[in-house]
Novice: 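This is the structure I want to talk about, given as C-alpha cells.
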Amino acid sequence: MAIVQKKNEMPTQDAKERAHNFKEVAIGYDEKIANLEAERCLNCKNRPCVEGCPVNINIPEFIQKVKEKKYEEAYNIITESSSLPAVCGRVCPQESQCESKCTLGIKFEPVGIGRLERFVADYHNNNYKEKVKEPIKNGHKVAIVGSGPSGLTCAGDLAKKGYEVTIYEALHTAGGVLVYGIPEFRLPKKIVAKEVDTLKELGVKIETNVVIGKTLTIDELFDMGYEAIFVGSGAGLPVFMNIKGEGLKGVYSANEYLTRSNLMKAYEENPVTPIMKKGKVAVVGGGNVAMDAARTALRLGAEKVYIIYRRSMEELPARKEEVEHAIEEGIEFKVLVNPIEILGYENKENARDEKNASVIGIKCVKMELGEKDEKGRRKPIEVKNSEFVLDVDTVVMAIGTSPNPLIKDTTKGLEVNNRGGIIIDEKGLTSRENVYAGGDAVTGAATVISAMGAGKIAARAIDEKLKNK
Amino acid sequence: MYKIVTKKFLNSTVVQMEIEAPLVAKKAKPGQFIILRVDERGERIPLTVAGVNEKEGLVKIIFQVVGATTEVLKHKNEGDFLQDFVGPLGVATHTEGKKKVCVIGGGVGCAIAMPVAEEFHKIGAEVTSIIGFRNKDLVILEDEFKGFSDEFIMMTDDGSYGREGNVTIPLKEMLEKGVKFDEIIAIGPLIMMKFVVLTAKPFNVPVTVSMNPIMIDGTGMCGCCRLTLNRNGERITKFACVDGPDFNGYEVDFDEAMSRGRSYIEFERHAHEEACNLFKKA
C-alpha cells in the first residue's frame with residue numbers, strides 16, 4: 001500500500017463560527033481517521049520520535065495499538081510516560097518535538113502523533129468507566145507545590161510508585177496554567193478536571209487555597225513529615241514595557257486578561273468577574289499567550305483585534321498552528337511594530353467624566369530587522385519618524401513574566417539565578433536538600449510539556465532518593 | 001469550606017465575621033489580607049485581616065457592603081460556610097523600632113487601622129489615633145481604638161459625633177505644634193490617604209499608606225493590583241499583593257490608583273443592584 005503523503009487533517013470548527021464561541025476549535029479525529037493516520041506510521045527501527053518527546057512516550061507502540069483498534073492498551077502505553085495525555089495531545093508543540101523527528105517526515109508530512117494521542121486519551125475518557133486502582137502505599141510522603149503541568153506530572157509519577165502525595169495549590173481550582181491561562185477553546189476545562197480526577201483516584205490529595213511561602217513554608221512542610229518537596233509554582237508576575245500609559249483603565253497583562261476569562265469565567269453570560277469586552281483590542285507580543293489573549297478578545301466580542309509584534313511573521317515565537325488559527329479567525333498582525341505609549345481619554349472640562357483615563361489608542365513606531373543577536377535572532381531596530389497611532393480601547397501586554405518571589409523569599413538556602421528562577425541540577429534538585437523544582441518556576445515562561453518533563457525528572461530523582469531510605 | 005463562626009453588624013453596612021481558618025489564623029499579622037470566594041461561582045475579593053484568635057483558629061474580617069459579593073456575604077449567617085478563604089497574603093505592617101506613631105483611619109479603613117494600632121500598642125509605642133467617619137451612625141471600633149491609644153481623636157464630616165471635619169485637621173494642628181511622630185500610618189479611602197500625605201509633607205514625617213486595589217489571584221500572578229510609585233524621578237511598577245499592601249505614601253501615584261479603582265464602576269453598580277434584587281425577592 002502506498003504511503004499517504006499528508007497528515008490526515010484535523011477536523012475543526014469553521015473559522016467564522018468559532019471566532020465567536022468558546023467551544024473547542026479542533027474537534028478531534030474520529031475512529032476512522034485515527035486508524036488511517038496510525039497506518040501511516042512506518043514503525044521504523046530507530047524510533048526517533050521517542051527521543052523527541054520530553055517525557056519519552058513509547059510512541060510507535062501506542063500507534064501500533066491504534067492500528068489494532070486496541071485503544072485502551074494504547075492509552076495504558078501513553079500513561080506509562082505521561083500523566084496528562086488529553087492535555088498534551090492538545091497543547092504540546094509536537095511539530096518541534098516528536099513529529100519533527102519522525103522518519104516519515106523526512107520525505108513527507110510526519111505522522112500526526114499529537115492528534116493520535118488526543119484521540120486515544122479522549123476515547124479512554126469517553127468510554128472507560130472503571131476507576132483507576134490506587135497503588136499500594138510505600139510509606140513515604142512527598143509534597144508538591146503547585147498543581148500545574150509539572151506538579152501534576154510529578155504527583156502522578158510518584159503516586160503510581162506508591163508515594164503518599166499531597167499537592168498544595170494557591171488558587172481555588174487545581175490545574176495551574178491549564179485552568180487560568182490556556183483558554184477553553186484550546187483546552188476545555190472539563191478535560192483538565194478529568195485528568196485531575198484520575199490523579200485523585202491514584203490517591204493524590206489536593207489542598208487548594210494554600211499558598212506555599214505564605215500559608216505554609218517549605219520548612220514547615222518538612223516539619224509536617226514530608227520527606228521531599230517538588231516546587232512547581234509556575235511563572236509569576238507579568239512584565240510590562242514601562243511605557244507611558246500602562247496604568248490607564250483598559251490595560252491588562254495577559255495573565256490578568258486570561259485569568260478573568262478562564263479561571264473566573266468572565267466569558268460566560270452574567271459573569272461575576274468583569275472584563276472589558278467591547279471595541280478594539282491590541283495584544284502586544286508574539287508568543288502562544290499573545291495568541292490566546294487575542295483569540296479570547298475576539299470571542300468576547302471585540303470588533304477588531306490586533307497583534308502587535310516587533311519582529312516579522314517569521315520570528316513569531318507562537319506555534320504555527322496557533323498563528324494560522326488566529327489569522328483564519330480574522331486577527332490582524334501588525335508586525336515590525338513596537339508600542340511607545342498608550343494614550344488615554346481626557347475630558348479637560350470635566351475631571352469627573354468616567355471615561356477619563358480610559359485607553360483610546362496606542363502609539364507605535366515601525367521597526368526593521370538588523371544584525372543577529374546572541375540568540376541568533378535578528379534584532380529589531382526603530383525606523384526613524386515612523387510613529388503612528390492605532391485606535392484601540394483595550395491593550396493586553398503579553399510580553400512575559402518574571403518568577404514569583406514568595407517561595408524564594410521564605411526559604412533559606414534556596415538559590416535563584418539573576419532572573420529569579422530557582423537553580424536546579426540535572427536531576428531537578430535545588431540548593432536545598434530534598435527540595436526539587438521544575439517548570440516555569442525554574443525556566444521562566446515555557447511550554448506545558450517541558451514543565452511536564454521537568455516534573456518527571458524530579459519524580460525519578462525523588463524516587464531514587466527515598467526508595468532506599 | 002470555611003465556617004462562619006461569629007457575625008455582628010458594626011453599623012448598618014459594616015459587618016464583622018470570624019471565619020474558621022486555622023492555618024491563616026496561625027500566620028496572619030496586622031496589615032496582611034486574605035482572599036475569599038463566597039460560593040462556587042463567586043468572584044475573588046481581598047479583605048484585610050482585622051484580627052485573629054489563634055487558639056480557636058479564627059480570622060476576623062470586617063467589610064462594608066459596597067458591591068454584589070459583599071451583599072451576598074452580608075446575608076450569610078453564623079454556621080454557614082464560605083467556599084474559599086486563602087491567606088495570609090501581602091507583607092505585614094512594619095512596626096519594629098517605632099516609638100511614637102500616629103494611626104489614621106477613615107471609614108471602614110478603621111478595620112485595618114485598628115489591628116495596626118493594637119500592634120504598636122503591644123510593642124510599647126506611643127499611639128495617637130485619629131479616626132474619621134461621614135457621620136455618627138457610621139462609627140465603628142471606637143472602644144477598641146481607645147483601648148490601644150494614648151491619645152484618641154474622633155472626627156465626623158458633619159460634626160454629628162466628635163469633632164467636625166476630616167482627619168487632616170487635627171493632624172495638621174499637631175504637626176504645627178511641633179509634635180514629632182516617627183511615622184504616620186494612614187488607612188482609608190484613597191482621597192483621604194492622598195491628603196494625609198499632602199498634610200504631612202511640609203513636616204517631613206514618613207507616611208505609610210495601605211493600598212486596596214482590585215485583585216484577582218492575590219499571590220503575584222495576574223498583575224491586576226499594580227500601582228505606580230514615583231521614586232527618585234523614576235516611575236516604577238509595584239504589585240500590592242506581594243510588594244504591599246503597605247507603601248511609602250510619598251511615592252504612590254494616588255490619581256492613577258483612584259482611576260484604576262473605578263475601572264468597572266458601571267459593572268459593579270449593576271451587579272450590586274442585581275444582588276440586592278435577588279435578596280428582595282427571596
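Below, chain A is the first sequence line, B the second, and so on; all start at residue 1.
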Novice: For the CE atom of A/M241 and the OG1 atom of B/T237, what is their distance to the nearest 0.5 Å?
Specialist: 12.5 Å

Novice: Measuring only between side-chain heavy atoms, which start at C-beta, is A/V211 closer than 4.5 Å to B/V86?
Specialist: yes

Novice: Using non-hydrogen atoms only, which part of A/Y257 is less than 4.5 Å away from chain B: side chain, backbone, both, or neither?
Specialist: neither

Novice: At their closest point, which heavy atom of B/F267 faces which heavy atom of A/P271, and how far apart are they?
Specialist: CZ-O, 3.3 Å

Novice: Using 0.5 Å steps for rounding, measure from the CG atom of A/N404 to the CZ atom of B/F239.
Specialist: 11.0 Å

Novice: Mind checking whether B/I216 and A/Y180 have side chains closer than 4.5 Å, heavy atoms only?
Specialist: no

Novice: Dump the intermediate steps for side-chain contact (heavy atoms from CB on, under 4.5 Å) on A/N242 and B/R235, then the final yes or no.
Specialist: CA-CA 8 Å; A/N242 285 322; B/R235 285 176 67 76; over 6 Å; no

Novice: Is there a donor-acceptor pair closer than 3.5 Å between any side-chain N or O of B/D84 and the backbone N or O of A/N209?
Specialist: no

Novice: Under a 4.5 Å heavy-atom cut-off, does chain B meet the side chain of A/T259, its backbone, both or neither?
Specialist: side chain

Novice: How about A/K265 and B/E43: do any of their side-chain heavy atoms sit closer than 4.5 Å?
Specialist: no

Novice: Please classify the contact of A/L406 with chain B as side chain, backbone, both or neither, using a heavy-atom distance under 4.5 Å.
Specialist: side chain

Novice: Specify the closest pair of heavy atoms between B/T219 and A/A170, including all atoms of both residues, with the distance to one decimal.
Specialist: CG2-CB, 4.2 Å

Novice: Atom NE2 of residue position B/H75 - does it have more than 12 heavy atoms of other residues, nucleotides or ligands inside 6.0 Å?
Specialist: yes

Novice: Please determine whether the number of non-hydrogen atoms from other residues, nucleotides or ligands lying under 6.0 Å from atom CZ of B/R134 exceeds 12.
Specialist: no

Novice: Under the side-chain contact (heavy atoms from CB on, under 4.5 Å) test against B/M221, which residue among A/L237, A/N255, A/T401, A/V177 passes?
Specialist: A/N255

Novice: So which of B/C241, B/S259, B/G223 has the biggest tally of heavy-atom pairs under 4.5 Å with chain A?
Specialist: B/S259

Novice: Heavy-atom pairs under 4.5 Å with chain B: which of A/M264, A/H172, A/E246 has the most?
Specialist: A/H172

Novice: Select one option (side chain, backbone, both, neither) describing which atoms of B/E266 are under 4.5 Å from chain A's heavy atoms.
Specialist: neither

Novice: Take atom CD in A/E269; do more than 12 heavy atoms of anything else shown fall under 6.0 Å from it?
Specialist: no

Novice: Counting heavy-atom pairs under 4.5 Å to chain B, which of A/M397, A/M276, A/R260 comes out on top?
Specialist: A/R260

Novice: Among A/V251, A/D409, A/L258, single out the residue with the greatest number of heavy-atom pairs under 4.5 Å to chain B.
Specialist: A/V251

Novice: Specify which of A/G236, A/S253, A/A357, A/A266 makes the most heavy-atom pairs with chain B at under 4.5 Å.
Specialist: A/G236

Novice: Does B/S263 reach the main-chain N or O of A/K249 with its side chain, forming a donor-acceptor pair under 3.5 Å?
Specialist: no

Novice: Side chain from CB out, backbone as N, CA, C, O: work out which of these in A/E220 comes under 4.5 Å of a heavy atom of chain B, or both, or neither.
Specialist: side chain

Novice: Return the OG1 to CD1 distance between A/T273 and B/I214, rounded to the nearest 0.5 Å.
Specialist: 11.0 Å

Novice: What's the spacing between B/R44 CZ and A/L263 CG if we round to 0.5 Å?
Specialist: 7.0 Å

Novice: Do A/K214 and B/K27 have side chains that get closer than 4.5 Å, going by heavy atoms?
Specialist: no

Novice: What part of B/R226 is in contact with chain A, defined as an atom under 4.5 angstrom from a non-hydrogen atom: side chain, backbone, both or neither?
Specialist: side chain

Novice: So what's closer than 4.5 Å to chain A heavy atoms on B/L227: side chain, backbone, both or neither?
Specialist: neither

Novice: Let me know if B/R37 has heavy atoms under 4.5 Å from chain A in its side chain, its backbone, both or neither.
Specialist: side chain

Novice: Which atoms of B/F85 are under 4.5 Å from chain A, going by heavy atoms: the side chain, the backbone, both sets, or neither?
Specialist: backbone

